[in-house]
Number of protein chains: 2
Amino acid sequence: MAQPKAHQVTLRSIADQLGLHVSTVSRVLNGRTGDGVRAASGDTAARIRRLAEELGYQPDPHGSGLRTGRSRLVGVLVPRLSDLVLAMIYEGIDEAAGELGLTTITANSRDDEQTRRLRTRMMLARRVDGLIFGDASLDSGFLDELAADGGKFVLVNRRAGDHPSVTADDVTGGRLAAEHLHGLGHVDVAVIAGEPYASTGTDRTAGFVGYYRDRGLAAPLVLHSPFDTAGGRAAAEKLLSRPDRPTAIFAVNDFAAIGAMGAARDHGLTVGTDLSIMGYNDTPLAAELPIPLTSVTVPTREMGRRALMSLTRLLAGEAVESERLAPTLVARASTARP
Amino acid sequence: MAQPKAHQVTLRSIADQLGLHVSTVSRVLNGRTGDGVRAASGDTAARIRRLAEELGYQPDPHGSGLRTGRSRLVGVLVPRLSDLVLAMIYEGIDEAAGELGLTTITANSRDDEQTRRLRTRMMLARRVDGLIFGDASLDSGFLDELAADGGKFVLVNRRAGDHPSVTADDVTGGRLAAEHLHGLGHVDVAVIAGEPYASTGTDRTAGFVGYYRDRGLAAPLVLHSPFDTAGGRAAAEKLLSRPDRPTAIFAVNDFAAIGAMGAARDHGLTVGTDLSIMGYNDTPLAAELPIPLTSVTVPTREMGRRALMSLTRLLAGEAVESERLAPTLVARASTARP
DNA sequence: ACGTTTGGCCCAAACGTTTGCGCAACACAA
DNA sequence: TTGTGTTGCGCAAACGTTTGGGCCAAACGT
């Protein structure tokens, strides 16, 4: 766009104007700034750089992509970008990518296997250099296939199989939650566990349940549900209708927790005093809610950044290890003594 | 990625296998499916198509981009993707783009002029065919420049100058809000108006204030603030500390409204009974809050879709008109008679 | 003075597409 | 037979870049 194709600034146009050959210009501008020897004389190099700057030269990715076989494009697949957590992770990814001169393209898989495959195909068709999956499913058939085909990717937020991943330590996070509620004196507790195919939900639940079990306490009630507000509301609805209603609910996700707060109110319960509810992720919203929500902070943006770094290492041919980031608990008014 | 470069499926590899020329294969596969005459014999065409399918041929965008000068890439600039409203708009854009075989790349401008310019530059360097701005500022100097340089773009969500845009009818939306609150009997009302550079905030405020003014009522208090929860909370804090505290608050954004709810609670006020609060955008959250939030629905995803459609028309050389989508009000428990 | 190195640059090929042009073969009419 | 069209393809050039291999001249070693 911009210029009607008339005067695109190209290596050639620069070379011609300077009476040099296009390859010289290319070498200077690609400047393996390290050695500096092989490029050109200090003088010509300077002239080239000045003119390039002046004309606002920007290498054409089609040209270089065609030649090098690399696109400097990274594909990012997420369940949905309108999930705040994923949006923040993506922001981290994109930020880090920008700093390295990479561009990201993203797509929603809606946690649907077919969409996942389709969108991945589209990204490969775009010739992405590598992929980041934020929507890994625990039965990772698709990822196994992709890896077997030589696909380069890392996972973020959710782990699966032993594909390299950057996640929070969700088991520990769940344990922290249990420790907090148990410390307040809650023994009848329940977990709104999210979708069973997501490691985030299952790991947090496992950590939570493990804590209670290790102490010989009654096993917490576990209920699966979608990760969103409506899902949390429905699950809490069920929990609160039971005769042996729990005194505290741990939702593995802030939005589910907010839904649970709604259900609590419908049951005439005041969150914090009649019923403790806590979430996970420490969404910016959590602190600002009418009743501030106890939650577990995970460094979302940092997770995204690291995932991208991992991917670049992978693309450079290095071996990469999975990373687990440490969560921390932040207590607020939504949880209190029973 | 994927194949180690060894056996990429290319027009040539298909042509060779079939003993045809690459141009023939190209013509068949690009099939101007309409005329059908000029391509090849029905038989060869079928053979080509079958083999391409079988090998999983995907045209290389670098090659075609280089040749055609088009990238089938659309750049989308937003204030921040972690703003749910923008995320949903972006989903609409990307969905529509996908259906047309276009790919979107996105970036956050954080409503910062310099970042905006920088990120736009990066997108142009990527040779996007066109741009969609979701972060237009009312003083549209940057956009004017870009348009003067022949840049192809449309605006979404926020309008500016008379650049083509797809937005909701925010003035009407503000009016609906005023009508609702006034209908309930509120005369001392206030507006948390968002940032003054965003048409969304100013238009909604103008519609709201206009309604009260047209009826000769006292002019609503107007307070600007950031669009997020913390901003809304701070603004509400100020409003509620006044001796002539309003009985109803219209926040031009659900998140600001949620912040306001928090402030209300700090003041010992029960939202709905002691103080009416309403938001805007009808975020999925609004309905699920402990105290469900009255809000104005705008067809976010649809807005995104239409913006992309507009852009494609623009790119096809057609003239495009701005569009205004109709908002509707949905009343919930957070607003009631004073 | 003569061989050898090295600095500085150019040459040319290749990456995968698209597309205007042209050509052979055939059909048909006159 | 010649002329006129049509169908079915191939040819070749171009898009902008990168990169291995030159080649010429100057600098250096002996």
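Atom set for the values below is all heavy atoms of this structure, side chains included, hydrogens, waters and symmetry mates excluded. A note on names: the letters A, B, ... follow the listed sequences, proteins ahead of strands, and every chain is numbered from 1.
- For the residue pair B:Thr167/B:Arg159, the side-chain donor-acceptor check at 3.5 Å is not satisfied.
- In the model, B:Arg127 has a side-chain atom that pairs as donor or acceptor with a side-chain atom of A:Gln8 under 3.5 Å.
- Closest to the A:Val22 side chain, of the nucleotides C:dT19, C:dC10, D:dT17, is D:dT17.
- When the P atom of C:dA13 is taken as reference, atom CG of A:Leu66 falls 17 Å away, rounded to whole Å.
- When the P atom of C:dC10 is taken as reference, atom CD1 of A:Ile48 falls 8 Å away, rounded to whole Å.
- Residue B:Arg70 contributes atom CZ, which lies 16 Å from atom P of C:dT17 at whole-angstrom precision.
- Going from atom CG of A:Asp43 over to atom P of C:dC9 covers 8 Å, rounded to whole Å.
- Listed pair A:Thr24 / C:dC10 meets the phosphate criterion, a side-chain N or O lying under 4.0 Å from OP1 or OP2.
- Of the residues in residues 54-62 of chain A, A:Tyr57, A:Pro59, A:Asp60 come within less than 4.0 Å of DNA chain D through at least one heavy atom, sorted by number.
- Phosphate proximity of C:dC9 to A:Thr44: present, with a side-chain N or O under 4.0 Å from OP1 or OP2.
- The CG-C1' distance, from A:Asn30 to D:dT17, rounds to 9 Å in whole Å.
- Between B:Tyr197 and B:Asp139, the side chains place no donor N or O within less than 3.5 Å of an acceptor N or O (distance only, hydrogens not considered).
- For B:Arg27, whose side chain is taken as the heavy atoms from C-beta onward, the closest listed nucleotide among D:dT19, D:dG10, C:dC15 is D:dG10.
- Atom pair B:Leu29:CG and C:dT19:P shows a separation of 14 Å (rounding to whole Å applied).
- In this structure, B:Ser23 reaches the bases: a heavy-atom distance under 4.0 Å links it to at least one base atom across the strands shown.
- Within 3.5 Å, no donor on the side chain of B:Arg47 pairs with an acceptor on the base of D:dG8, nor the reverse.
- A donor and an acceptor atom, one from each side chain of A:Arg158 and A:Ser199, are nowhere located under 3.5 Å apart.
- For D:dT17, one of the phosphate oxygens OP1 or OP2 lies less than 4.0 angstrom from a side-chain nitrogen or oxygen of A:Thr10.
- At a cut-off of 3.5 Å, with distance as the only test, a side-chain donor of B:Thr104 or B:Tyr90 sits close to an acceptor on the other residue.
- Between B:Arg119 and A:Asp94 a salt bridge is recorded (basic side-chain N to carboxylate O distance below 4.0 Å).
- Checking B:His21 against B:Gly63, the closest nucleotide of DNA chain C that is more toward the 5' end is the one next to B:Gly63.
- Between the CZ atom of B:Arg126 and the C1' atom of D:dG16 there is a distance of 15 Å, rounded to whole Å.
- Computed from coordinates, the B:Leu11 CG to D:dG10 P distance equals 13 Å when rounded to whole Å.
- Between B:Arg49 and B:Glu54 no salt bridge is recorded (no basic side-chain N to carboxylate O distance below 4.0 Å).
- Both distances falling under 3.5 Å, in either a Watson-Crick or a G-U wobble arrangement, place D:dA12 opposite C:dT19.
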